[in-house]
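Shown next, in structure tokens, is the structure this report addresses.
Below, chain A is the first sequence line, B the second, and so on; all start at residue 1. Computed over heavy atoms, backbone and side chain alike; hydrogens, waters and symmetry mates excluded.
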Number of protein chains: 2
Amino acid sequence: MSTAPEGYDPHAFVPFAVTVDLAVFTVREARLHVLLVERGEAPYKGRWALPGGFVLPRESAEEAARRELAEETGLTKKSVCSFHLEQLRTYSDPDRDPRMRVVSVAYAALVPDLPEPRGGGDAAHAQWWDAASTGPLAFDHDRILADAHDRIGARLEYSCLATAFCPAEFTLGELQEVYETVWGVELDRPNFRRKVLTTPGFVQAVDGPPRRTGGRGKPAALYRAGTATALHPPLLRPEGRPEGRTS
Amino acid sequence: MSTAPEGYDPHAFVPFAVTVDLAVFTVREARLHVLLVERGEAPYKGRWALPGGFVLPRESAEEAARRELAEETGLTKKSVCSFHLEQLRTYSDPDRDPRMRVVSVAYAALVPDLPEPRGGGDAAHAQWWDAASTGPLAFDHDRILADAHDRIGARLEYSCLATAFCPAEFTLGELQEVYETVWGVELDRPNFRRKVLTTPGFVQAVDGPPRRTGGRGKPAALYRAGTATALHPPLLRPEGRPEGRTS
DNA sequence: TTCTTTATGGTCACTCTGACTATAAAGAAG
DNA sequence: CTTCTTTATAGTCAGAGTGACCATAAAGAA
């Protein structure tokens with residue numbers, strides 16, 4: 001803002017509605033899933049859309065996003081605080097909402113595999129979708145979703161937040177599955193292991209010799225998320241290109 | 001936005017003002033400079049601030065940013081089109097502007113060394129400042145400026161856009177100076193050279209054997225910006241940490 | 001000339017990575 | 001109770017990339 005037009009008459013500007021849109025991701029059954037809600041009214045009635053809503057008069061966009069996240073997932077605000085929430089970018093095309101001028105701040109949230117959303121309020125029809133096969137969404141949400149997917153893919157390269165998709169204790173195999181799912185590639189298991197374990201603070205072994213059962217083969221050691229947030233040097237995706245699309 | 005509160009009464013929401021703020025960077029005399037404007041009115045009268053202004057009813061935030069950029073630099077819109085403009089993030093603290101609710105979309109612009117700004121309109125008091133020694137700025141612009149600096153520092157690692165700070169033709173020494181200035185470190189000249197030249201599409205040699213004079217030593221070959229946008233593998237900063245601050 | 005400065009070319013050891021092999025420990029199949 | 005299959009884990013090895021150097025070239029300055 002800053003250099004406002006002289007005078008600063010509150011009527012000198014056209015009022016905008018400001019909203020937040022959330023791309024809530026989780027990894028479930030080796031597929032990237034995103035939380036969508038079905039629209040019950042025009043425009044785009046019956047279409048699926050990213051959850052979101054208006055920013056209230058006395059809250060910031062991030063507060064609004066976390067409030068919406070709690071509402072849509074049906075979890076308490078406290079438990080939602082631990083989820084990774086990241087501002088993506090703001091979408092402001094004048095015609096992105098046919099009703100009026102709406103500027104939307106998009107966020108990406110990374111959550112572990114949760115029970116089916118028991119939405120209160122708006123989220124009556126909230127549901128997890130395979131992020132790769134969402135039909136055409138309402139508004140410009142296809143674009144937002146694609147941008148969000150790109151962003152978290154890039155974030156996995158340089159940060160440790162793949163653990164945000166995992167439960168409190170996880171195996172390295174589960175962590176690797178996060179990478180493979182988000183990137184859509186297969187990684188070499190010993191190499192992935194070496195990279196994670198030699199990065200200080202990425203994960204920390206759970207003290208005792210507890211091991212996870214359930215699957216077929218040898219039980220795996222359990223780890224917790226470490227304290228590091230950045231990954232140096234990065235864990236680059238195979239195959240040349242940096243992102244899917246260069247925005 | 002999507003799931004609007006039922007009914008969608010245009011009065012159901014509090015109107016927000018939406019603005020853009022620009023952190024316009026250039027490298028001048030081996031220092032990172034940022035374009036600031038002096039505020040002529042309350043609040044923060046007499047303080048320096050990032051240039052910016054309201055998003056108009058029929059333009060997107062990016063269009064508003066590029067319009068402001070042209071106004072503040074005094075250049076034509078056409079020439080401003082070649083500048084790298086990148087959305088940073090949106091600042092939405094309810095109290096960031098004491099007058100009213102203002103949500104601001106921040107952009108970073110990277111421009112080559114320009115003549116002193118001949119601002120038209122708002123930019124009557126526009127001036128380049130050493131980005132490291134700006135006094136306290138108006139509003140939350142200190143934070144925005146710091147975020148912007150962090151971001152472009154990180155961008156130099158993974159992208160080729162350091163050339164955005166250079167004129168059309170430049171020497172590798174000048175390109176290296178961009179990195180050293182933004183990062184605040186010294187780089188080894190032969191190693192930097194090797195990295196740039198072995199990255200396909202980063203720079204392309206100017207055909208003939210033209211060389212730049214002016215300085216002391218051996219004349220340097222001239223290059224143009226290449227077509228590549230991403231840098232693979234990245235050119236990581238020396239000294240552990242990825243960014244100055246982990247936002 | 002000689003010195004200083006900058007550009008450029010090259011070496012070498014070290015790190016990191018990708019590809020790969022081998023072993024261990026579980027359940028499943030016979 | 002073997003044997004097979006599956007997954008976890010340990011280790012090897014060559015090549016790419018990088019940081020730290022040293023050497024030479026070409027200009028102006030002394």
Exercise. Would you kindly compare R194(A) and P219(A) by the position of their nearest DNA chain D nucleotide and give the one closer to the 5′ end?
Key: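 Nearest-nucleotide comparison on DNA chain D picks P219(A).
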Exercise. For R189(A) and for G217(B), find the nucleotide of DNA chain D with the closest heavy atom, then tell me which residue's nucleotide is more 5'.
Key: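 Comparing both residues, the 5'-ward one is R189(A).
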Quiz item: Could you give the distance from NE2 (H141(A)) to OH (Y91(A)), rounded to the nearest 0.5 Å?
Solution: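 Separation between the atoms: 10.0 Å.
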When the distance from [atom1] of [X] to [atom2] of [N] is rounded to whole Å, what number comes out?
X       : N       : atom1 : atom2 : value
H232(B) : dG18(C) : NE2   : C1'   : 16 Å
E177(A) : dA8(D)  : CD    : C1'   : 15 Å
L187(A) : dA19(C) : CG    : C1'   : 13 Å
K195(B) : dT8(C)  : NZ    : C1'   : 19 Å
E186(A) : dG18(C) : CD    : C1'   : 15 Å
L172(B) : dT6(C)  : CG    : C1'   : 13 Å
D188(A) : dT7(D)  : CG    : C1'   : 14 Å
N191(A) : dA10(D) : CG    : C1'   : 12 Å

Quiz prompt | Assigned partner base of dA30(D), Watson-Crick or wobble definition, under 3.5 Å | solution =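 Answer to the pairing question: dT1(C), which forms a Watson-Crick or G-U pair with dA30(D).
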Self-check item: Base partner of dG15(D), which must satisfy Watson-Crick or wobble distances under 3.5 Å
Solution: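 In the structure as shown, dG15(D) has dC16(C) as its Watson-Crick or wobble partner.
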Quiz item: Would E177(B) and F165(B) satisfy side-chain contact (heavy atoms from CB on, under 4.5 Å), going step by step from the backbone distance to the final call?
Solution: CA-CA 10 Å; E177(B) 193 186 76; F165(B) 283 119; over 6 Å; no
Quiz item: When you match G173(B) and R216(A) each to their closest nucleotide on DNA chain C, which lands nearer the 5' end?
Solution: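 Final value for this comparison: G173(B).
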Quiz prompt | Residue closer to the 5' end of DNA chain C, P234(A) versus P190(B) (nearest nucleotide) | solution =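 Nearest-nucleotide comparison on DNA chain C picks P190(B).
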Quiz prompt | Worked check of side-chain contact (heavy atoms from CB on, under 4.5 Å) between L156(B) and L235(B) | solution = CA-CA 8 Å; L156(B) 290 198; L235(B) 176 48; over 6 Å; no
Quiz item: Any Lys/Arg nitrogen of E63(B) or R67(B) sitting under 4.0 Å from an Asp/Glu carboxylate oxygen of the other?
Solution: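 No salt bridge links E63(B) with R67(B).
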Quiz item: Is the closest basic N to carboxylate O distance between D147(B) and R151(B) below 4.0 Å?
Solution: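 So D147(B) does not pair with R151(B) through a salt bridge.
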Practice problem: Assign R193(B) to base, sugar-phosphate, or nothing according to its heavy-atom contacts below 4.0 angstrom with the strands shown. | Solution: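 Result for R193(B) = sugar-phosphate.
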